[in-house]
Amino acid sequence: MFWGLTVFMPVGVPYLAALLMLAALLVAGDWRERARRLRASPMWWPIVAYVAWTLVVLALRPWYPQTPSNLAHGLRIAATLLMALALTREEAIWALRGFLLMALFNIVLIAMFWSAIFLKIYFPVVEPWRGVIFLIGNKSISNALLFTILGATAAVFGLQALSERRPLRGVAAFAVTLAVIVVITFSLPSRTSLLALLLVIPAVCVHQWRRQLKVLALAMLAGGVIVAVGLWNSPAVQQKFELGVKELEAAQAGAVSEGSWVVRYYMYRDTGRMILDRPFTGWGIGGWTEQWHLRGPELLADYNMPHNDFLWMGSQAGIPGALTLLAILLTGVWVAWRRDDLYGRYAFAAQLIALIATNANSALRDAQIGLSLLWVSTIYLRLAQEPGDSWRGLIPRRARAALSGDAPPPRQP
């Protein structure tokens, strides 16, 4: 739960949570049961292939000044996946509680801050929450993506509630999704998060009604109208994407700036050329930075990752390395798709968001994003691998009774 509670905080705190999680797993025991659980997971062999190929390339290719840090980040990706998948159902529930509780708290915090600004009331911002309220570097991008997972989770719950003819639950859930849209549009403006939400909500509709084509068609039509009228016509959203198109056109014309899509244009172009030059084993672990300094524009020389994890892995470990990383993410999406119920849908949305972010940013390589995003999305996946009502007990009985206004259950002797 501590890791779940800290995913929105500066990266040092999630690192502390990860180290404490590793220590707790070592102390808690049940190693055979955890090992059995890992070996039974469809994620096991893609993770093994990813780690094994990384070590093969490390042995075959040259070392660079950036090799130790890139190796550490690569192995950290695997360790995060394995720790999340090794949890028991009850442990994963506690991690999920921490994430959802802090995500909802942060939405309330953001609303309080901007309300205070509007009313001209002084509202102190504590440093650990600065990246939650303001767009400050990659940690704020991470927070926007985490809010996107919350918004998608609420949308999945709302769609299920509507299909069960529980409109009040559906309205409450969609209110959370709307709050997330406001956050990632205005407080933490993120094109990646908006794009992920726009793509994931239709995808979960397909997941839910894939055997009911008429209902699916109606849901997609209604969703398309809502998106077109309510979101795409928003001036703030239009400006973000229009700016991106202008930046891309300027980059194609030869302009160099630190605009988001300008940077990606040069990074994707030059990293693709790196992969074509060394398609099998790449340039070696840590080799991207040196090649970027030789190939990229001088103005952008300070970057140390290509804003796309598949290109990062492909440039350093060749096409096989990129494929092992892709296999991990696609396996997660497939596992969630295969489970045809509400809990599979939660995981399907979280895994798709992780996949989209990995294509549009260094969402795994950059610990400011990947340490939290990967942990949360894999917790969702871990619970999707549990049979039955895998989210059972997410809200404790006494808290559930208090929320519903019922009398609390009798205390057990």
Of all the heavy-atom pairs spanning [X] and [Y], show the shortest one and how long it is.
| X | Y | answer |
| --- | --- | --- |
| Trp261 | Arg191 | NE1-NE, 3.2 Å |
| Thr281 | Val57 | O-CG1, 3.6 Å |
| Tyr380 | Tyr346 | CD2-O, 3.4 Å |
| Pro202 | Leu199 | CD-O, 3.4 Å |
| Arg34 | Leu87 | NH1-CA, 3.8 Å |

Parallel, tilted or perpendicular: which fits the ring planes of [X] and [Y], with parallel below 30° and perpendicular above 60°?
| X | Y | result |
| --- | --- | --- |
| Trp288 | Trp292 | parallel |
| Phe348 | His207 | tilted |
| Trp375 | Trp3 | parallel |

Can you tell me if [X] uses its side chain to pair, donor with acceptor, with the backbone of [Y] under 3.5 Å?
| X | Y | answer |
| --- | --- | --- |
| Arg89 | Arg382 | no |
| Thr67 | Ile285 | yes |
| His73 | Asp366 | no |
| Ser362 | Asp309 | no |
| Asn308 | Asn359 | yes |
| Gln66 | Gly287 | no |
| Trp53 | Ala317 | yes |
| Tyr266 | Leu300 | no |
| Asp341 | Gly344 | yes |
| Ser142 | Gln368 | yes |

* Structure fact -> OG1 of Thr6 to CG of Leu16, rounded to nearest 0.5 Å, is 8.0 Å
* Asked: How many angstroms lie between atom CG of Asp340 and atom CZ of Arg338, to the nearest 0.5 angstrom?
  -> 12.0 Å
* Between Arg97 and Trp94, is NZ or CZ placed under 6.0 angstrom from the six-membered ring centre and within 45° of the ring axis? -> yes
* For the residue pair Ser41 and Gln385, confirm or rule out a side-chain donor-acceptor distance under 3.5 Å. => yes
* Scan side-chain atoms only and decide if Trp114 and Ser187 contain a donor-acceptor pair under the 3.5 Å cut-off. => yes
If we only count heavy atoms from C-beta on, is the [X] to [Y] side-chain gap below 4.5 Å?
| X | Y | answer |
| --- | --- | --- |
| Thr271 | Phe310 | no |
| Ser372 | Lys139 | yes |
| Ile149 | Phe99 | yes |

